[in-house]
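All values derive from a computational prediction rather than experimental measurement.
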Amino acid sequence: PMSMGMTQFDPFTMGYPSNYLYTYLLIGIGILGLLAWSFGFKYIAVVITLAVLANGFQVYESQNLWVYLVDPIAVIICSASLCIQGCTHFVNRVKTTGVKHV
C-alpha cells in the first residue's frame with residue numbers, strides 16, 4: 001500500500017543508492033544477515049549476502065537493492081507453487097486411473 005501512494009513514504013525508493021536512507025537499509029540488512037547466521041539460518045544469511053554483492057556488482061539492470069532481495073524469494077515461492085501443483089496433478093491423475101498399491 002505504501003508503494004501505491006497511500007502514504008507519502010515509499011519504501012521502494014530506499015533501495016536506490018542515491019536515497020539518504022540507503023545506508024540504513026544496508027545496515028539493517030546486514031544485521032538481519034548476522035542474526036540469521038547466528039540463529040542457524042545460514043541459507044538466509046547466504047542469500048542476503050549474495051543479494052547485496054549482486055547489487056554491488058550490478059548484476060541486474062536495476063540499481064535498486066529491493067529487486068535483488070525480493071527476486072530470490074519470488075523464485076522460491078514460484079518453484080514451490082509449481083512443485084505443489086505438479087504433485088497435486090500427479091496425485092489426482094493416479095486417483096482417477098485407479099492405480100492400486102500392491
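Shown here for Y68 and V59, the closest heavy-atom pair between the two residues is OH-N, 3.5 Å. Across I44 and A36, no two heavy atoms sit closer than the pair CG2-CB, 4.0 Å. Between S62 and V67, the shortest heavy-atom distance links the atoms OG-CG2, 3.6 Å. Between N19 and L21, the shortest heavy-atom distance links the atoms OD1-N, 2.8 Å. When all heavy atoms of N64 and Y16 are compared, the pair lying nearest together is ND2-CE1, 3.1 Å.
Within the model, atoms CG of N92 and SG of C87 stand 11.0 Å from one another, a figure rounded to the nearest 0.5 Å. Here CH2 of W37 is found 8.0 Å from OG1 of T49. Values are rounded to the nearest 0.5 Å. Rounded to the nearest 0.5 angstrom, L69 CG and L32 CG are separated by 9.5 Å. To the nearest 0.5 Å, atoms CH2 (W66) and CD1 (I29) are separated by 5.5 Å.
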Check: Taking it one step at a time, do Y22 and M14 satisfy side chain to side chain contact (heavy atoms under 4.5 Å, CB included)?
Finding: CA-CA 5 Å; Y22 183 75; M14 289 176 24; over 6 Å; no
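One hydrophobic cluster, built from ILVMFWY side chains closer than 4.5 Å, holds both L65 and Y60. By the rule that hydrophobic residues join a cluster once side-chain heavy atoms approach within less than 4.5 Å of another member, Y20 and L26 end up as members of one cluster.
Under the side-chain contact (heavy atoms from CB on, under 4.5 Å) criterion, L34 pairs with no residue, sequence neighbours left out. Listed by chain and residue number, I27, L35 satisfy the side-chain contact (heavy atoms from CB on, under 4.5 Å) test with I31 (two or more places apart in sequence, or in another chain).
For T88 (side chain) and I84 (main-chain N/O), a donor-acceptor pair under 3.5 Å exists by modelled atom type.
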